[in-house]
Chemist: 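Let me give you the structure first, and then I'll get to my questions.
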Amino acid sequence: MENKTLLDLNDRLFAQLDRISNPELSGEELKEELARTSAVIGIGKTIVDNGNLVLRAAVAQDEKLGSYPDALPKMLQVKHGPKV
């Protein structure tokens, strides 16, 4: 599995929202999609919480030591340009 970005997570969450918004989804298919949605939300929240922890650690290090480089931690950086 390749590393994903927070932008990829955002895309995944909106795609999942589109899937559960499908009016043709019902019964067992709807239950399965809702279970999948719950899992995606839980994992997504954990990823965002982890990113917040990394950001808080970087800010604290910069405030206390003044030695943190100007760039954000790698996991918080956003790559611009077309997806490969």
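Because only heavy atoms are used, hydrogens play no part in the values below, and waters and symmetry mates are left out as well, while side chains stay in. In this chain, residues are counted from 1 in sequence order.
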Chemist: Is any NZ, NE, NH1 or NH2 atom of the basic residue among Arg12 and Asp8 found under 4.0 Å from an Asp or Glu carboxylate oxygen of the other?
Modeler: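 Salt bridge: no.
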
Chemist: From Leu55 CG over to Asn50 CG, what is the distance, rounded to the nearest 0.5 angstrom?
Modeler: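 So the CG of Leu55 and the CG of Asn50 are separated by 11.5 Å.
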
Chemist: Mind checking what makes side-chain contact (heavy atoms from CB on, under 4.5 Å) contact with Thr37, not counting sequence neighbours?
Modeler: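 side-chain contact (heavy atoms from CB on, under 4.5 Å) list for Thr37, sorted by chain: Gln16, Ile20, Ile41.
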
Chemist: Rounded at 0.5 Å granularity, tell me how far CG in Asn22 sits from CG in Leu17.
Modeler: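 Here the rounded value is 11.5 Å.
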
Chemist: Distance from Ile47 atom CD1 to Thr5 atom OG1, nearest 0.5 Å?
Modeler: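 Answer rounded to 0.5 Å: 10.0 Å.
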
Chemist: Quick one: salt bridge (Lys or Arg N to Asp or Glu O under 4.0 Å) partners of Arg19, sequence neighbours excluded?
Modeler: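 Arg19 satisfies salt bridge (Lys or Arg N to Asp or Glu O under 4.0 Å) with Glu33 only.
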
Chemist: Test side chain to side chain contact (heavy atoms under 4.5 Å, CB included) on Leu9 and Ile43; report intermediate values, then the result.
Modeler: CA-CA 10 Å; Leu9 172 60; Ile43 293 167; over 6 Å; no

Chemist: Quick one: pull up CG in Leu25 and NZ in Lys31 and give me the separation to the nearest 0.5 Å.
Modeler: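 Taking CG in Leu25 and NZ in Lys31, the distance rounds to 12.5 Å.
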
